[in-house]
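Report on the structure given below.
We count residues from 1, following the sequence as given.
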Amino acid sequence: MSAHGFLSLLNTVYTDIHYQYESLFRKKYMGDLSCADDFAQASAIIDAFKANSEYRARIRSLLDHENKINPHSELARRLGQWDRYFSLQSFSDEAKTLKQEIDAREASIQTAMANLTSGYTNPYTGEFHQKTWAWLGMMMATNDDGQLRKAAFMGREETSAAFVEDLIRLVNARNRFARLMGYDHFYDYKAQTEERMSAQEIWSLFEEMIPFLTIPHAEIREMESVYPDLREPREFAYRLNGDSLKRDDPYFPLETILDVWGRSFTGLGISYRGATMNLDLLERKGKYNNGFCHSPRPVSYRDNQRSPCQINFTCTAIVGQIGSGQSTGNTLFHEGGHAAHFANMDCQDVILNTEYIPQSVAWAETQSMFLDDIFDNIQRKCRYAKTLDGTSYPFHFFDESVRKTYVMRGRSMLGIASVVLFEKFLYTAREDELTPATVCAKARELSVTLFDQATPSLRLLTIPHIYSRNSSCYYHGYGMATLAVEQRKKYFTDRDGYLVDNHRIGPEMMAVWALWSSKPSSELFRDAFWSSLSTTAFLTSLDRSPDQVIADARRACSLADDHSRISDTIDLDCTVALVEGESVYGTNEAWWESLSAAWKQRLRKT
């Protein structure tokens with residue numbers, strides 16, 4: 001078989017087994033646990049493909065031959081990509097057995113999480129109310145009753161450590177797996193295979209930023225004279241942002257969120273290039289407690305014909321909960337950003353068009369986080385945030401929020417750093433050092449040392465990423481992406497003055513999205529904004545005074561008004577289905593308005 005024929009075979013085989021794996025992944029994470037055995041089998045099949053020694057030997061032979069003829073040819077480049085892919089995932093029999101054990105443990109935890117009874121006890125009635133961790137977090141941020149906020153905090157704390165023993169067993173098994181693969185620990189395995197960086201390089205990046213991120217702590221302590229108990233974890237978000245969430249809530253109705261997404265992405269000039277998407281947007285018991293986006297059918301080529309991708313993504317919209325419109329919109333833009341990235345991948349080999357190795361977490365999250373930043377941008381709020389009766393979001397709300405929440409600058413990066421440092425502790429500790437007591441103590445310690453909380457918290461144990469092999473040792477990607485987002489915003493703002501409805505942005509991003517995993521992330525960042533990844537733009541943004549932030553925003557809003565307009569029609573070049581599990585209740589096959597109408601009808605039934 002020729003080299004081109006063998007590459008065609010590999011692409012066909014992988015596309016098929018990837019689809020089977022991802023279909024079952026979605027089914028399982030959407031709460032149908034009956035497919036657990038089938039999912040385990042699909043996982044074993046895809047692992048066997050990655051570790052196939054005959055495939056690897058054949059690729060190496062073809063590559064050696066091509067390098068003798070023309071080492072700079074397109075064929076040599078493609079063969080080299082496959083050679084690296086197999087070299088990163090070539091498991092010994094012992095490692096393969098251990099990975100199957102890890103997969104089984106994760107499946108067991110996923111089942112237990114889906115069946116977990118979490119919630120809060122009403123301090124006035126003694127009645128227990130079953131609620132998810134996400135609901136309890138939103139309750140702490142928005143409920144006006146301090147006793148109920150305290151009950152929500154206690155309810156989440158009571159179940160936060162429910163899986164700590166399972167986590168310890170996972171960490172130890174993952175570290176053993178990493179050592180079999182030739183790495184010191186699992187974090188270094190993930191860092192080097194995904195980011196082409198060492199774990200220490202990543203940790204140093206965050207440790208260097210922490211002194212700048214904790215500067216506002218002194219200001220927060222001074223504010224306790226105005227906001228009692230401000231440093232209590234159950235009070236912080238409510239005291240500084242709760243009023244804003246309630247004030248802003250009518251301007252972010254769930255009913256209009258699909259139109260807002262469609263018009264905003266159309267205004268940026270983003271196309272999904274014929275992709276099909278299934279959106280599972282509503283929270284329900286048993287469903288994975290976080291948004292995510294996966295592509296069961298990545299972009300692929302056969303006989304030089306491009307096949308568009310198929311995408312599944314999810315949100316956890318909570319009907320009737322204050323703040324849910326904003327959080328759902330943020331997630332929709334974030335996961336919609338991942339989806340746009342998937343849809344625009346254009347590599348000839350399908351392994352470069354997926355969310356897995358050799359993809360870079362930091363590069364992938366830069367795309368989604370740039371777009372969820374657009375959702376929060378005041379330019380977009382003034383244009384698109386409206387009440388159901390059409391009243392637009394007033395700029396003075398932004399002015400008030402900036403002045404009140406200025407002390408929260410850098411807080412989200414601290415949240416990311418806390419997960420990075422927590423996982424650093426987990427994966428560098430000796431096995432005999434990891435006990436439920438030490439792990440819980442470390443989670444509480446970081447909540448105090450990083451956030452200056454008055455009461456320690458186990459919040460870190462509620463982060464769903466740490467329980468999954470694919471998303472553990474992953475959170476640094478969000479932090480590195482935050483740096484990249486600030487660089488990208490600076491690049492576009494310096495050039496054009498504004499971001500929202502800037503029709504030049506989409507095509508430029510689509511051009512670099514097409515590259516996906518064909519280059520190291522360091523090169524992709526340079527391709528995207530002509531400079532290496534740096535903390536400079538991010539730390540500079542933290543140094544701006546409230547007056548500067550407000551003046552810059554007012555100027556950008558004015559430029560956007562002068563140079564861009566809201567799109568009359570929504571044109572994303574995609575087919576969208578609204579689903580709940582396997583049930584479809586709306587599509588845009590007729591027109592976008594039919595999708596929006598189906599969404600509104602579904603909300604009325606809740």
Phe153/Ser457 under side-chain contact (heavy atoms from CB on, under 4.5 Å): CA gap, chis, key distance, verdict
CA-CA 9 Å; Phe153 171 73; Ser457 167; 4.1 Å; yes
Distance-only side-chain donor-acceptor flag, Gln110 / Arg105, under 3.5 Å:
no
I'd like to know if the side chain of Ser327 and the backbone of Ser324 have a donor-acceptor N/O pair within less than 3.5 Å.
yes
Quick one, Leu461 and Cys440 - any side-chain contact, counting heavy atoms below 4.5 Å?
yes
Distance alone, cut at 3.5 Å: any donor-acceptor contact between the side chains of Thr316 and Trp135?
no
For Arg409, what residues pass the salt bridge (Lys or Arg N to Asp or Glu O under 4.0 Å) criterion, not counting sequence neighbours?
Glu219
Quick one: does Arg239's side chain get under 4.5 Å of Arg149's, heavy atoms only?
yes
Heavy-atom side-chain contact between Thr366 and Leu483 under 4.5 Å
no
In terms of relative ring orientation, are Phe163 and Tyr467 parallel, tilted or perpendicular, with 30° and 60° separating the classes?
perpendicular
Separation between CZ (Phe333) and OG1 (Thr331), nearest 0.5 Å, reads 11.5 Å
Answer yes or no on whether Arg174 is positioned over the face of Tyr427, meaning its NZ or CZ is under 6.0 Å from the six-membered ring centre and within 45° of the axis.
no
Between Glu508 and Tyr491, is any side-chain donor less than 3.5 angstrom from a side-chain acceptor?
yes
Sorted by first residue and then second, give each side-chain hydrogen bond (donor to acceptor under 3.5 Å, both in side chains) pair with at least one member in residues 114-124; sequence neighbours left out.
Tyr124-Asp145
Parallel, tilted or perpendicular: which fits the ring planes of Trp513 and His341, with parallel below 30° and perpendicular above 60°?
tilted
Within a strict 4.5 Å, meaning less than it, do heavy atoms of the Gln379 and Tyr384 side chains meet?
no
How long is the span from the OG1 atom in Thr256 to the CH2 atom in Trp261, to the nearest 0.5 Å?
14.0 Å
Find out whether Tyr189 and His185 are in side-chain contact, i.e. whether some heavy atom of one side chain is under 4.5 Å from a heavy atom of the other.
no
Inter-residue atom distance Leu426.CG - Leu167.CG, 0.5 Å rounding
5.5 Å
Apply salt bridge (Lys or Arg N to Asp or Glu O under 4.0 Å) to Lys246 and list each qualifying residue two or more places apart in sequence or on a separate chain.
Asp144, Asp243
Taking the inter-plane angle between the rings of Tyr478 and His465 on a 0 to 90° scale, is it parallel (under 30°), tilted (30 to 60°) or perpendicular (over 60°)?
perpendicular
Using the rule ring-ring contact (aromatic ring centres under 6.0 Å, His included), only one of Phe206, Trp203, Tyr187 pairs with His476; which is it?
Tyr187
4.5 Å side-chain heavy-atom contact, Thr455 and Pro233:
yes
Find the distance between CG (Leu332) and CG (Leu254) and round it off to the nearest 0.5 Å.
10.5 Å
For Tyr393 and Arg380, what are the C-alpha separation, side-chain angles and deciding distance, and is it a side-chain contact (heavy atoms from CB on, under 4.5 Å)?
CA-CA 10 Å; Tyr393 186 89; Arg380 195 206 64 80; over 6 Å; no
So how far is it from Ser472 OG to Ile463 CD1, rounded to the nearest 0.5 Å?
13.0 Å
Less than 4.5 Å apart, any side-chain heavy atom of Tyr227 and any of Phe236?
no
Between CD1 on residue Ile357 and OG1 on residue Thr193, distance to nearest 0.5 Å:
3.5 Å
Taking the side chain as every heavy atom from C-beta outward, state whether Tyr498 and Thr493 have any pair of such atoms under 4.5 Å apart.
no
For Ser360 and Glu194, which I'm curious about, is there any donor-acceptor pair between the side chains at under 3.5 Å?
no
